[in-house]
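First the structure, in the form of structure tokens, and then the observations on it.
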Number of protein chains: 2
Amino acid sequence: MTEPLTQSIQDYLKHIYELTERSQPASTTDLAARLNVAPASVTGMLQKLAAAKPPLVIYKKHQGVTLTKAGLRAALEVIRHHRLLETYLVNALGYTWDEVHEEACRLEHVISEEFEARIATALGHPNRDPHGELIPSADLTMPADQSTPLSSLRPGQSATILRVDAQDPNLLRHLDDLGLTPGIEIEVSAYSEFDHNLTVRVRRKSHVLGLNTTTKIFVEVDK
Amino acid sequence: MTEPLTQSIQDYLKHIYELTERSQPASTTDLAARLNVAPASVTGMLQKLAAAKPPLVIYKKHQGVTLTKAGLRAALEVIRHHRLLETYLVNALGYTWDEVHEEACRLEHVISEEFEARIATALGHPNRDPHGELIPSADLTMPADQSTPLSSLRPGQSATILRVDAQDPNLLRHLDDLGLTPGIEIEVSAYSEFDHNLTVRVRRKSHVLGLNTTTKIFVEVDK
DNA sequence: TCTATTATTTAGTCTAACCTAAATTATTGT
DNA sequence: ACAATAATTTAGGTTAGACTAAATAATAGA
């Protein structure tokens, strides 16, 4: 009998998943920063998660942490909740994409599987949330991500925005104002080698975007 | 700056409200039973609530507990969340009335005022939940309850069901099967003085109901 | 009125999850 | 290769909210 995961544990797993997506183990400090918690607290929790009845993480002192099978499943469950909720808040309740993150962060830990299933059905089983992030399927597999960062495009290339990897409401509102949202066609018209700015044409207007922005927008390049 | 109320405190306040609705102070033991907590734990919490910066309850040793203005507001806020959520789950997500209680109990503590406002709007600002319970208004006043218990009716009287005061899923399913739901017209055709059974005609069929049931159904008597 | 029973409170523990300060291990630049 | 710096862990402490066992107060029956 495997006891239920606390809200706090679910948060740790979710963030470990996100930090290890590109296959690097997650560091104590990075986790601490994400969770708004002291590094020492993270160490303590990681030891606990590694010692759990079915271990949830693999953790060796000073070597970072990765998820086990069990930890991965739990993480994907939370992420599925989060992203379905964000989608529901936008599509069914009229939230804007910059308003949903906090709400989903609180709701993700308390909804039942019943609730999850009902909103998934109501939404038509979407596989992306309002930011374009992939939603793990009901059987907890994460679809492969085919996107490339906008920052890697060069003049002459055009592409379709797939997702925007940001939660900051101000940034999200700004991008929405510019029309930089999932599904939109864009074209790169200039690149500045020194500051890495890209000039991007969208909705018949051009905008100069810095690295801070272009690394958060992920696209599918047109062939 | 009044710090936010924990989930646990919200639960205490909600149950104190319900126990004191008929103006008796709530006892430690009754609260403990409702909260599934040891009586000693209740004593501890009540002392804390009474000592809070704006006191949330009035509590004197061995004399039970009642809510202060501040405690009442907090309780009504939680109850409004709960009942709006139950209504939303049924009306918007297709839950049945026996499935909503648990879900609402978890969600009621985490939704934002934004969320509350949006579902209230989506529902057309209802003032009763699926069980017929009154929903506190947005400004946190509880509408007056005009209902009388079915148990007080006698043969010849007819009435409309206003609310059903129960959470037990089995009972709720049973009542639904019989057609005993809010809005329905019923007529009392017999009364047994000894076991207090009532024979009630609903949907052209008669059913004999015991006290356990008739004290949980509240009606408006036809004149 | 007094005792037996029941209700309530006190006292002392426990656990989860956080914290700070101090100690230790890794890493990096020279 | 080694000191300086950065990252991490250990040690010890705090808080919220629960628990059990023991003590006390209230109530009810004879």
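Remember, it's a predicted structure, so these values are computed and weren't measured experimentally. Every chain is numbered from 1, with letters handed out A, B, ... down the list of sequences.
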Thr20(B) side chain to Gln24(B) backbone, donor-acceptor under 3.5 Å: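 Between the backbone of Gln24(B) and the side chain of Thr20(B) there is no qualifying donor-acceptor contact (under 3.5 Å).
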Keeping the roles fixed (side chain from Arg34(B), backbone from His15(B)), state whether a donor-acceptor pair exists under 3.5 Å. no
Partner set under side chain to side chain donor-acceptor pair (under 3.5 Å) for His131(A), not counting sequence neighbours: Glu86(A)
For a salt bridge (charged side-chain N to carboxylate O under 4.0 Å, His left out) with Arg80(A), tell me which candidate from Glu116(A), Glu133(A), Glu113(A) qualifies.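 When salt bridge (charged side-chain N to carboxylate O under 4.0 Å, His left out) is applied between Arg80(A) and each of Glu116(A), Glu133(A), Glu113(A), only Glu116(A) qualifies.
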[X] [atom1] to [N] [atom2]: how many Å, rounded?
X: Lys60(A); N: dT9(D); atom1: NZ; atom2: P; answer: 13 Å
X: Leu46(A); N: dC18(C); atom1: CG; atom2: P; answer: 11 Å
X: Leu5(A); N: dA17(C); atom1: CG; atom2: P; answer: 10 Å
X: Gln47(A); N: dA11(D); atom1: CD; atom2: C1'; answer: 12 Å
X: Leu49(A); N: dC18(C); atom1: CG; atom2: P; answer: 11 Å

May I ask you to evaluate whether Thr43(B) reaches the phosphate of dT10(C), defined as a side-chain N or O under 4.0 Å from OP1 or OP2? no
What does nucleotides 17-26 of chain D look like as a protein-contact string, B for base, S for sugar-phosphate only, - for none, at under 4.0 angstrom between heavy atoms? SSBBB---SS
If you measure only the distance, is there a donor-acceptor pair under 3.5 Å linking the side chains of Asp11(B) and Ser8(B)?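 Not at all, the side chains of Asp11(B) and Ser8(B) share no donor-acceptor pair under 3.5 Å.
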Could you walk me through whether Tyr95(A) and Glu103(A) pass the side chain to side chain donor-acceptor pair (under 3.5 Å) check? CA-CA 10 Å; Tyr95(A) 279 71; Glu103(A) 194 87 51; 3.1 Å; yes
